[in-house]
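In what follows, a structure is listed as structure tokens, so that the remarks can point back to it.
From a predicted model like this one, the values you see are computed outputs, not experimental measurements. One-based numbering, in listed order, for ligands and for the atoms of each. Count residues from 1 along the sequence.
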Amino acid sequence: MDSKVISSKELSKVDPVFGQISFDNHEQIVFCNDKDTGLKAIIGIHNTVLGPAIGGTRMWNYENEWEALNDVLRLSRGMTFKSAISGLNLGGGKTVIIGDAKTQKTPELMRKFGEFVNSLGGKYITAEDVGMTTEDMDTVREVTPHVVGISEAKGGSGNPAINTAYGVFMGMKAAAKFKYGSDVLEGKSVFVQGVGNVGEALIGHLLKEGAKVTITDINQERLESVRNKYDVVIYEGDDVYSQEMDIYAPCALGATINDATINKIKAQIIAGSANNQLAEERHGLILQERGIVFAPDFLINAGGLINVYAEIEPCDKQETIKRTENIYNTTLEILERAAESGLTPNVAALNMAKERILKRKNEELK
Ligand code: NAD
């Protein structure tokens, strides 16, 4: 990456860290550099009031360091609210490693990264995210205990996507209860956008309940492999949003609810696993005005986090299932709160998460 020389005058204008909108009172930001392995990483620790900051490691070929910094701050902050609203004793953090995961990731680099994580003494717990695999976390585990999402063979909790899908299903049912007065999804038409790990597992739940499932993905092989396994229809067009459907389940990318799509959406409910589905907070308001129920993504996609939590505070599978099923109750409560207060569900969910953090903070001060 080219390094640009920025004059101190210019720097003073941009407030590179504390002045960033996404900085939002981060507790600590750690820049990790290792010449020998080429490691350049940023660990963001947003909030540890409820417990150690947890959040995956993303390896991405960022255009520049500003982009990497902004990404880690935004994602780490998001983890704080996900942990809080899920009732877990965890805070929010995240790591970005700058580089191409396909060509620059080596076991040496991962071990060096693990040493940096270890140096934080458990204040930050890492896991996999984009560009990382369970095997990479196993490598990190060689040098630090502060990592989750390691393989079952090594005592980990395995693929979190299965539980993420179950949580999304619970959130979707709660949204149906709120919208239709019944949480039964039988006969409802559901569009699943993105049939990867989470999308595929979600389809299993939907079909078991008698929903009519249509799938879409940019990967033709995935589409066909899923259709060969399940009774689903493939949508071949390029305008998912305008299609007649009861429920839209975004399970691919974030920001699909944006200026270009929002007025086309015909669904009555939006509930999926993708992070940051609303391009901007105001899109939540437009959905509300249009009578479309939005199940906040960071709440209903927390099943994966709940799954890895068992590696931090050991519990049996039943407890993990119970916590995941509680996503139903929380989603319903949020939707009811939002309707009463006039806030959007996303803002109501953020407020609930912040209330829990504040309560703990006040208890600690007593
Ligand atoms: P994945 O990579 O296994 O699957 C994503 C799928 O979306 C792929 O099949 C891909 O081809 C498809 N896709 C990409 N762009 C698309 C587009 N424009 N239109 C349609 N399909 C497209 O990922 P995953 O683990 O299933 O996660 C899905 C989403 O849920 C991601 O946004 C992820 O960040 C989020 N999420 C996942 C978990 C988890 O436990 N895996 C937890 C929380 C959130």
Practice prompt. For this output row, return yes or no: ring centroids of Tyr166 and His205 closer than 6.0 angstrom.
Written response: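 For Tyr166 and His205, the ring centres are under 6.0 Å apart.
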Worksheet item: Excluding sequence neighbours, so at least two apart, what forms ring pair (Phe, Tyr, Trp, His ring centres under 6.0 Å) with Tyr248?
Response: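 Only Tyr241 meet the ring pair (Phe, Tyr, Trp, His ring centres under 6.0 Å) criterion with Tyr248.
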Worksheet item: For Phe298, what residues pass the ring pair (Phe, Tyr, Trp, His ring centres under 6.0 Å) criterion, not counting sequence neighbours?
Response: none
Fill in: Pairs flagged by salt bridge (charged side-chain N to carboxylate O under 4.0 Å, His left out) wherever residues 84-100 is involved - sequence neighbours left out
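For residues 84-100, and leaving out neighbouring residues, the salt bridge (charged side-chain N to carboxylate O under 4.0 Å, His left out) pairs sorted by first residue read Lys94-Asp129.
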Discussion item. Check this for me: does any side-chain nitrogen of one of Arg141 and Asp138 sit under 4.0 Å from a carboxylate oxygen of the other?
Written reply: no
Discussion item. Whether Lys188 engages the ring of Tyr180 as a cation-pi pair (distance to the six-membered ring centre under 6.0 angstrom, angle to the ring normal within 45°) should be assessed.
Written reply: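 Checked: cation-pi criterion met.
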Under a 3.5 Å threshold, I'd like every N/O contact between ligand 1 and protein atoms, with atom names and distance.
residue, atom, partner, partner atom, Å
ligand 1, 3 (O), Asn197, N, 3.0
ligand 1, 3 (O), Asn197, ND2, 3.1
ligand 1, 9 (O), Asp217, OD1, 3.4
ligand 1, 9 (O), Asp217, OD2, 2.7
ligand 1, 11 (O), Asp217, OD1, 2.6
ligand 1, 26 (O), Asn197, N, 3.1
ligand 1, 26 (O), Val198, N, 2.8
ligand 1, 30 (O), Ser273, O, 3.4
ligand 1, 30 (O), Ser273, OG, 2.8
ligand 1, 32 (O), Ala252, O, 2.8
ligand 1, 34 (O), Asn275, ND2, 3.4
ligand 1, 40 (O), Thr164, OG1, 2.6

